[in-house]
There are 2 protein chains.
Amino acid sequence: MSITIKDISKRLGISVSTVSKALNGYPDVSEGTRERILEMARELDYHPNLAAQSLRRGRTGKIGLLINNPLSFISEYIAEIISGAALTAEQQGNNLVLYTTAVTHPDEIRRICRAREVDGLMIIFSPEPDVVGVLERENMPFIVFGRRVEQPGVSFVAPDNWAGAYALTQHLITQGHTRIGFTTRPILGTVSDDRFAGYQKALADADISFNPDLVVETTIEERSGYKAMNRFLDMAEPPTAVFTFYDLMAVQALDAAHDRGLRVPEEIAVAGFDGLRSSLITKPRITTVQQPLNLMGRRAMELLFTRIKDNAQPSVSEIFPVELIIRQSTRYQLEN
Amino acid sequence: MSITIKDISKRLGISVSTVSKALNGYPDVSEGTRERILEMARELDYHPNLAAQSLRRGRTGKIGLLINNPLSFISEYIAEIISGAALTAEQQGNNLVLYTTAVTHPDEIRRICRAREVDGLMIIFSPEPDVVGVLERENMPFIVFGRRVEQPGVSFVAPDNWAGAYALTQHLITQGHTRIGFTTRPILGTVSDDRFAGYQKALADADISFNPDLVVETTIEERSGYKAMNRFLDMAEPPTAVFTFYDLMAVQALDAAHDRGLRVPEEIAVAGFDGLRSSLITKPRITTVQQPLNLMGRRAMELLFTRIKDNAQPSVSEIFPVELIIRQSTRYQLEN
DNA sequence: CCTTGACACGAAAACGTTTTCGTTGTAATG
DNA sequence: CATTACAACGAAAACGTTTTCGTGTCAAGG
């Protein structure tokens with residue numbers, strides 16, 4: 001049916017071992033035969049069977065991507081990462097394999113490892129500590145994307161959440177705000193913690209005392225931004241600015257303010273995080289902290305590959321600088 | 001290193017063939033030994049090596065996804081499809097593999113086929129007829145997503161572009177518009193053609209003569225919606241409503257109108273297509289034609305699987321109904 | 001002339017499965 | 001009792017590679 005190394009071998013009267021060596025650039029094959037073999041391979045349009053190669057070499061050429069499906073509503077975020085990651089992976093002759101279900105089950109992860117389905121894994125946002133434990137025991141190279149994991153042996157790529165939150169809070173303060181609402185998402189651990197710390201530090205640096213009443217805990221649900229905003233606005237003394245957890249929440253917060261007849265930013269300022277397109281197409285446009293997601297996706301793959309080549313390498317992590325983008329939703333002098 | 005069928009075999013003193021049969025549910029193994037084998041497999045946490053299985057069975061358990069990278073700026077569109085497709089694939093024990101570069105090169109496609117990298121392929125939007133030819137010659141099951149391909153043997157899943165365009169145009173007409181701007185995208189072939197035909201039919205049914213001056217050809221570029229809108233507005237007799245090719249173009253068209261100080265929909269109405277989140281978060285919200293992308297993604301996988309199980313099956317295609325969603329960008333009686 | 005070495009090549013094992021086929025032992029049938 | 005049938009198992013081939021190791025040839029060196 002399909003063309004194998006044997007076909008080349010037979011037509012040329014050369015052993016399969018020599019054919020294989022010629023194709024793989026081994027030194028112990030003469031120039032003449034090498035050329036005849038390559039020529040014949042071209043003629044037959046031969047391409048090595050991937051399964052056979054994987055079995056023999058012990059490498060699959062596949063990188064697994066663990067994506068938590070509940071987060072799919074921030075699809076633009078994920079898409080941007082994947083776009084970068086896929087590019088780098090494919091440049092190195094690898095391909096990305098998607099795992100979207102049962103990702104939180106350590107059993108499934110272990111199956112992937114034991115079955116040698118992939119050479120490495122990138123975990124987007126998975127908050128499951130169990131998963132990390134499994135990967136380490138199974139000796140599977142992996143990298144965590146999006147969150148800081150201060151655990152020996154764990155590599156990660158993350159945005160500078162602290163600095164982003166600090167810059168954004170500071171900006172709000174310079175706009176005259178002293179009552180700044182803040183949203184957390186405890187399930188995201190360090191992501192939430194770092195932003196919280198940056199927020200608090202900016203307040204402290206401006207001699208504004210931190211008010212725990214202005215902190216709202218949010219969960220993963222479709223309308224969480226709308227709900228959070230309403231909680232802020234229902235307060236006895238509402239904040240004059242709200243720092244939401246990500247752009248889509250800010251969009252919904254805008255809606256909530258609008259539904260109450262409040263003007264943004266005149267009566268309440270709203271800011272987001274991530275810098276996705278959503279933040280750019282609302283009216284008013286949303287002030288946000290932009291993450292270099294595509295770049296981070298590329299870089300994550302690079303780090304993962306160094307790990308795959310030598311899993312004894314020490315873990316490496318990179319924190320990426322983020323950029324505060326000031327737009328109308330927090331700025332009183334309107335323009336653009 | 002890793003645990004194989006041999007380990008089970010040795011510990012139990014049972015041949016590997018019997019172990020394999022027990023694990024695969026063959027009938028010719030007694031209940032007693034089957035249970036001992038399964039128990040031991042559990043104890044050792046054995047999982048069959050995927051490469052070996054693929055090699056032997058001739059199936060990889062992988063479905064390739066061909067994604068044209070230049071289209072990545074409509075990432076939400078792709079993400080929605082993938083989300084549905086991945087779900088169905090994984091339910092059947094398969095995983096999605098991403099191919100984002102060199103997808104337009106027939107050589108690369110042929111390599112994927114000859115190397116038996118995947119069991120089937122889903123092509124999102126690829127306008128390359130060469131690719132289809134290669135897949136047919138290589139006898140690789142595939143399905144085209146998003147566009148109608150009236151070619152014997154080609155399965156596809158597509159939205160009802162004709163009906164969507166008809167409904168949308170009709171809606172604009174009932175709002176009193178007679179000069180309705182239309183955008184095409186020739187590179188997308190039937191997608192563009194069908195919408196064009198639906199648009200023209202709706203005009204004809206309302207006894208409005210078709211005016212070719214109101215048709216603007218667009219290309220794949222970042223600001224194409226903004227440019228197209230400006231071309232409309234620069235006309236001697238501009239349209240009073242514009243039917244853009246997709247939501248993001250409508251968003252940009254909104255910007256263009258805003259930049260010229262035009263109110264939407266009072267001075268010019270704007271509509272989109274696809275029904276992505278972008279259409280929902282602008283002010284005014286954008287009238288659009290919603291595609292059931294997630295469902296279509298799931299269904300595409302189902303059809304592909306029937307093809308994989310028996311590639312002699314006749315090609316099947318499904319045209320999905322779309323839904324006109326009327327919002328403020330085209331409606332004079334403002335509410336919501 | 002003998003040894004050494006480099007060079008070019010092939011035989012064969014190995015990777016971990018699945019599956020065909022043959023071989024037992026035992027029970028049922030005539 | 002002889003035959004048949006069946007149940008339960010194992011040997012071995014096969015999938016398509018890669019890689020180790022051995023072998024033969026030939027030239028250079030002593």
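Numbered from 1 within each chain, the chains take letters A, B, ... in sequence-line order.
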Nearest-nucleotide pick for B/R56, side chain only, options being D/dT18, C/dT19, D/dG16: C/dT19

Under-4.0 Å salt bridge between A/E138 and A/R114: yes

Residue mapping more 5' on DNA chain D - nearest nucleotide basis, B/G13 or B/L55: B/G13

Atom pair distance, as rounded to whole Å: CD1 in B/I5 and P in C/dT19: 11 Å

Euclidean distance, atom CZ of residue B/R59 to atom P of D/dC15 [Å, nearest integer]: 17 Å

Closest nucleotide among D/dT20, D/dT17, D/dG10 to the B/S15 side chain: D/dG10

Listed nucleotide nearest any side-chain atom of B/T18, set C/dG16, D/dC9, D/dT17: D/dC9

Pair A/E43 + A/R11: basic N to acidic O under 4.0 Å: no

Electrostatic pair B/E39:B/R36 at N-O distance under 4.0 angstrom: no

Rounded distance in Å - CG (B/N24) to P (C/dT20): 12 Å

Base C/dC9 paired with A/D28 side chain (donor-acceptor, <3.5 Å): yes

Aromatic ring proximity, centroids under 6.0 angstrom, B/F142 and B/F156: no

Sugar-phosphate, base or nothing in reach of B/T4, heavy atoms under 4.0 Å: sugar-phosphate

B/I3 CD1 - C/dC15 P separation (whole Å): 15 Å

Contact under 4.0 Å: B/Q53 side-chain N or O vs C/dG16 OP1/OP2: no

Single hit among B/R148, B/R299, B/R298 for salt bridge (Lys or Arg N to Asp or Glu O under 4.0 Å) with B/E318: B/R299

Sugar-phosphate only, base, or nothing, as touched by A/T33 at under 4.0 Å among non-hydrogen atoms: sugar-phosphate

B/H47 vs A/E31, nearer the 5' end of DNA chain C by closest nucleotide: A/E31

A/Y46 vs D/dT17: side-chain N/O to OP1/OP2 distance below 4.0 Å: yes

Between D/dT17 (P) and B/R114 (CZ): distance, integer Å: 12 Å

Nucleotide of C/dC9, D/dT19, D/dG16 approaching A/S30 most closely (side-chain heavy atoms): C/dC9

B/S17 side chain, from C-beta outward: closest of D/dC15, D/dA11, D/dT18: D/dA11

Interatomic distance where NZ belongs to B/K21 and P belongs to C/dC21 [whole Å]: 12 Å

Between P of C/dT17 and CG of B/L23, the distance in whole Å: 9 Å

Atom pair distance, as rounded to whole Å: CG in B/D7 and P in C/dG16: 9 Å

